Number of protein chains: 2
Amino acid sequence: MSGLRERKKVKTREAILREAFRLFREHGYSATTVEQIAEAAEVSRATFFRYFPTKEDLVTLDRFLPLVEALKAQPPGAAPVSALRGAFRTAFAGLSAEEITAGHAREVFAATVPELVAANLRKSPGLIREVAEILADRTGCPPDDSRIQNVIGASFGVVAMAWLRWARDSAVDGPAEIDRSLAHLESGLTL
Amino acid sequence: MSGLRERKKVKTREAILREAFRLFREHGYSATTVEQIAEAAEVSRATFFRYFPTKEDLVTLDRFLPLVEALKAQPPGAAPVSALRGAFRTAFAGLSAEEITAGHAREVFAATVPELVAANLRKSPGLIREVAEILADRTGCPPDDSRIQNVIGASFGVVAMAWLRWARDSAVDGPAEIDRSLAHLESGLTL
DNA sequence: TATTTTATGAGACTACAGTATCAGTTGCGT
DNA sequence: ACGCAACTGATACTGTAGTCTCATAAAATA
């Protein structure tokens with residue numbers, strides 16, 4: 001039952017996000033204060049914090065759930081790097097072009113602003129462990145096996161670099177770039 | 001000419017660092033305030049900031065210069081990953097066991113506390129670019145070639161994971177773990 | 001329409017990082 | 001011994017994130 005209240009809340013939430021990202025784009029993340037965001041979104045500071053407990057929460061949402069799900073669904077035969085590659089593929093395939101470009105702005109900050117990198121990193125041990133467990137299941141290794149961790153480290157390493165290229169230049173096709181990078185890793189990083 | 005003044009300054013600096021890390025160990029990085037550190041080191045808050053412009057500066061020093069130098073000195077024939085592996089080897093070989101264990105405490109924080117990871121990351125684009133240029137020189141690729149970046153991403157990815165294992169468990173032989181991880185990457189991440 | 005529940009705004013408050021000022025002290029060269 | 005330069009402490013100040021309280025307004029419910 002989406003009453004008026006619910007709809008208003010959604011609108012407020014969207015206004016805050018929209019104005020926040022506009023200000024971030026114009027002045028940068030840390031140079032934008034919560035007060036400015038609240039003012040631009042026409043809510044009080046208190047209300048801002050009711051919607052987003054911290055400023056970081058504007059940018060660090062759980063974006064990797066689809067990836068984890070996709071990874072679980074990969075065919076069992078594939079090698080770990082291939083499975084990760086496939087997971088990224090299907091995770092991106094589940095998004096519309098609009099969602100991808102909309103998400104891109106957010107990712108630019110998440111990948112670029114150190115505070116936000118930190119915020120995301122704070123959540124990353126959980127992601128790494130989860131991925132490690134899935135890959136461990138698939139291969140029969142224990143999840144703390146250093147080979148598994150090397151696969152994860154190397155994969156996320158190349159993905160991060162591709163992600164940065166994407167963040168720096170929105171003309172880059174992020175998903176394709178990520179796929180190519182993982183393919184490169186898959187084939188042994190040949191030159 | 002190490003006059004009394006110089007020596008005092010060194011002692012003060014050491015006291016600040018020592019007390020800071022003791023408090024970090026006991027209560028964590030962000031739960032430790034500059035005031036507490038200053039008090040423990042028996043200096044004023046103002047003096048603390050004279051020695052370390054920001055709290056982060058306690059932990060984020062330029063630790064990768066030796067690595068870059070070592071990378072430049074690698075034999076020209078080696079593949080990029082091998083060159084990086086060799087560079088880590090020689091960079092660690094240049095440190096005494098005491099230096100390594102002393103540095104370990106710092107690394108634990110630098111690798112574990114998100115704010116510090118971020119602070120280090122803030123300096124990392126320069127490092128990445130530098131490494132990219134060196135590797136590009138060695139291989140003839142342009143430095144922004146995505147293959148070069150993949151090599152860097154993958155290498156630093158596995159190194160980061162090894163580093164984390166080291167940070168979590170000081171019994172781990174960090175340098176050896178890093179070497180093994182890069183060797184694993186070198187040989188195609190075989191399981 | 002009357003009552004209850006919930007969102008909001010206003011504003012005071014805390015905590016902490018980092019800055020600025022200024023006076024007092026201490027080592028240093030003469 | 002003396003005066004200078006550097007180091008220090010005390011202290012007040014700024015900016016910003018995040019908390020708390022309470023009164024008001026607006027939506028839901030009966």
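Protein chains get the first letters and strands the later ones, always in sequence-line order, with residue 1 at the start of each. Fair warning: this is a prediction, and the values are worked out from it, not measured in the lab.
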note: B/I16, atom CD1; D/dC7, atom P; distance rounded to Å ~ 13 Å
Rounded to the nearest Å, what distance is computed from the CZ atom of residue A/R50 to the P atom of nucleotide C/dG11? 15 Å
B/E35 CD to C/dC16 P, in whole Å, measures 9 Å
Between P of C/dG18 and CD1 of B/I37, the distance in whole Å: 11 Å
Phosphate OP1/OP2 of C/dA7 contacted by A/Y51 side-chain N/O (<4.0 Å): no
Indicate, with a heavy-atom threshold strictly under 4.0 Å, whether B/F48 touches base, sugar-phosphate, or nothing. nothing
Answer yes or no: is there an ion pair linking B/K11 with B/E14, defined by an N-O contact shorter than 4.0 Å? no
Steps toward side chain to side chain contact (heavy atoms under 4.5 Å, CB included) verdict (A/E19, A/E42): CA-CA 10 Å; A/E19 295 304 310; A/E42 295 178 312; over 6 Å; no
Validate the cation-pi geometry between B/K55 and B/Y29: distance from NZ or CZ to the six-membered ring centre under 6.0 Å, angle to the ring axis within 45°. yes
Looking only at side chains, do B/T32 and B/R25 share a donor and an acceptor under 3.5 Å apart? no
B/T47 side-chain N/O to D/dG9 phosphate OP1/OP2 under 4.0 Å: yes
Check every atom of D/dC20, C/dT8, D/dG9 against the side chain of A/T12 and return the nucleotide holding the closest atom. C/dT8
Is a donor-acceptor contact shorter than 3.5 angstrom present between the side chain of A/R5 and the base of D/dA27? yes
May I have the distance from A/E42 (atom CD) to C/dA10 (atom C1'), rounded to whole angstrom? 17 Å
Categorize B/Q36 for me: base, sugar-phosphate, or nothing, with a 4.0 angstrom heavy-atom threshold over every strand shown. nothing
Looking at B/L95 and B/A91, what are the two nearest heavy atoms and their distance? CG-O, 3.7 Å
Establish, with yes or no, whether the OP1 or OP2 oxygen of D/dC7 is under 4.0 angstrom from a side-chain nitrogen or oxygen of B/K9. yes
Starting at CG of A/D57 and ending at C1' of D/dA17, how long is that distance when rounded to a whole Å? 12 Å
Please determine, for the side chain of A/F49, which listed nucleotide (D/dG18, C/dC28, C/dT21) has the closest atom? D/dG18
Whole-Å distance between D/dA26 C1' and A/R7 CZ? 14 Å
Between the base of C/dG18 and the side chain of B/R45, is one N or O donor paired with an acceptor at under 3.5 angstrom? yes
Separation of C/dA17 P from B/E39 CD (nearest whole Å): 14 Å
Side chain of A/V34 only, please: which of D/dA28, C/dG18, D/dA17 is the nearest? D/dA17
At under 4.0 Å, does any side-chain N or O of B/K8 touch on OP1 or OP2 of D/dC7? no
